[in-house]
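We count ligands from 1, going down the list as the structure has it; atoms in each ligand are counted the same way. Hydrogens, waters and symmetry mates play no part in the numbers below; they use all other heavy atoms, side chains included.
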Amino acid sequence: MGPRDHFATRLGFVLAAAGSAVGLGNIWKFPFMAGQNGGGAFLILYVAFVLTIGLSVMLSEYAIGRAGQRNPVGAFRVLKGGAWPAVGALGVIAGFVILSFYSVVGGWTLAYAIKSVSGALASNDPKVLGAAFGAFIAEPRGVIAFHTAFMAMTLFIVAGGVQGGIERASRVLMPALAILVVVLAVRSVTLEGASKGIAFFLTPDFSRVTWGTVNAALGQAFFSLSLGMGTMMTYASYLDKQVNLPKTAAQVTLLDTGFAVVAGFMILPAVFAFGFDPQAGPGLTFITLPAVFAQMPAGPLFAFLFFALLAIAALTSAVSIIEPVVSYLIDERGVSRRAATWGAGAVTWALGVPSALSLGPWKDVTLGGKGILDAVDYLASNIMLPVGGILITLFIGWSIADRAKEEAQSDGVHPFALANVWIFICRFVAPAAVAWVLIGGL
Ligand code: PFF
């Protein structure tokens, strides 16, 4: 094995970590989750979870990864051993599960980039756009072809190593996406009838909050920040000691939350302005945004840019979802990067096929009352990631607290005033709160 890959600069790491965090979770999932879970109340719960638990878990993963300099399984093993490497293994498994359905939705974005130039989406009638989306996802050959294309693009990048291509591309493309999302949010909030959507998003109605809402907000916080499965751990294992971890965690978290909130303003006002159903679920972004584009000069051009950039944001996340798996196979099993990538990718692709079919031919197949794609997402986001989060914070708080404090401060280079608060959250607050929400949700 050669020397371990390293990020060249802190900026490179921030971009890669933000590239992982900002993805379909912010722009596709967050608006429809907020729509299904009462708008403002969901937003407040989500932000509260991000700022307390999310930030703490993020820093914990950075500390474990950088101290361990290995994939999640190996990092737990060198830092403590015992049963702890199983936590890393849980993360590796979650990587397969999440990427399987993520790639299906990533495929939708590719398809919509193409459809937006072909004029297939030029309408602002909810019925027409709903039917167009329904027809698209019901036709398995297309959906599977785009799932395949998205997965292949992901694997090409991963096989070539993360640094060169994706890092360089993200530098240009993520800011472009940010600008576009802000422009679309401005268009959306200035539509006639948008104010009802703005009120829905900003006014919390706590009478509608159930355990389901709280559980959904927690799961979304983990998913959106890429936490609980060792992704951030793996990225941080490519980092050297100079980097200020708490500062970096705060920046990545803010960027991610900013994207989600602006995406909420992009989608929800338009939902109300055009009379869509905020409960529409996974199709919400795909049926709402074309209506917004239809109201804009050069709509098809904006539509193309938006879906293409979203596909790229999804790619930078997809790459990070499979990286723990690949890094595990390389470090622990001695597999080459190329073989690890294509092997893991093939398994993930196959796992994704049921999700790909689940809104079309298999739409009546349910698991626990949900369609397959929703059920797989739920299992990963609302159960596996939070469980991973509990175990990661317990590990920091009880098993390696002193070492973790040193690591978080780069051995004295970057003093961290809140180090003891962080350890306290990891010992008690985060595990108890997450366990409470998890148990309440079941
Ligand atoms: N954070 C990504 C998003 O919001 O789209 C999804 C994700 C990436 C989840 C990496 C989990 C993960 F480990």
Subject >> Check: Asp377 side chain, Leu373 main-chain N or O, donor-acceptor pair, under 3.5 Å >> reply: no
Original post:
Which pairs count as salt bridge (Lys or Arg N to Asp or Glu O under 4.0 Å) when at least one residue sits in residues 10-25, sequence neighbours excluded?
Top reply: none
Below 3.5 Å only, please: the N or O atoms of ligand 1 paired with protein N or O atoms, distance on each line.
| unit_1 | atom_1 | unit_2 | atom_2 | d |
| --- | --- | --- | --- | --- |
| ligand 1 | 1 (N) | Ser20 | O | 3.2 |
| ligand 1 | 1 (N) | Ala21 | O | 3.0 |
| ligand 1 | 1 (N) | Phe223 | O | 2.8 |
| ligand 1 | 1 (N) | Ser224 | O | 3.1 |
| ligand 1 | 1 (N) | Ser226 | OG | 3.0 |
| ligand 1 | 4 (O) | Ala21 | O | 2.9 |
| ligand 1 | 4 (O) | Gly25 | N | 3.3 |
| ligand 1 | 4 (O) | Asn26 | OD1 | 3.3 |
| ligand 1 | 5 (O) | Leu24 | N | 3.0 |
| ligand 1 | 5 (O) | Gly25 | N | 2.7 |
| ligand 1 | 5 (O) | Tyr102 | OH | 2.5 |

Original post:
Are Ser20 and Ser226 close enough that a side-chain donor and a side-chain acceptor fall under 3.5 Å?
Top reply: yes
Subject >> Distance-only side-chain donor-acceptor flag, Thr285 / Lys29, under 3.5 Å >> reply: no
**OP:** Check whether any side-chain N or O of Thr203 sits under 3.5 Å from a backbone N or O of Phe200 as a donor-acceptor pair, and report yes or no.
**Re:** no
Original post:
For the side chain of Trp362 and the backbone of Ile372, is there at least one donor-acceptor N/O pair under 3.5 Å apart?
Top reply: no
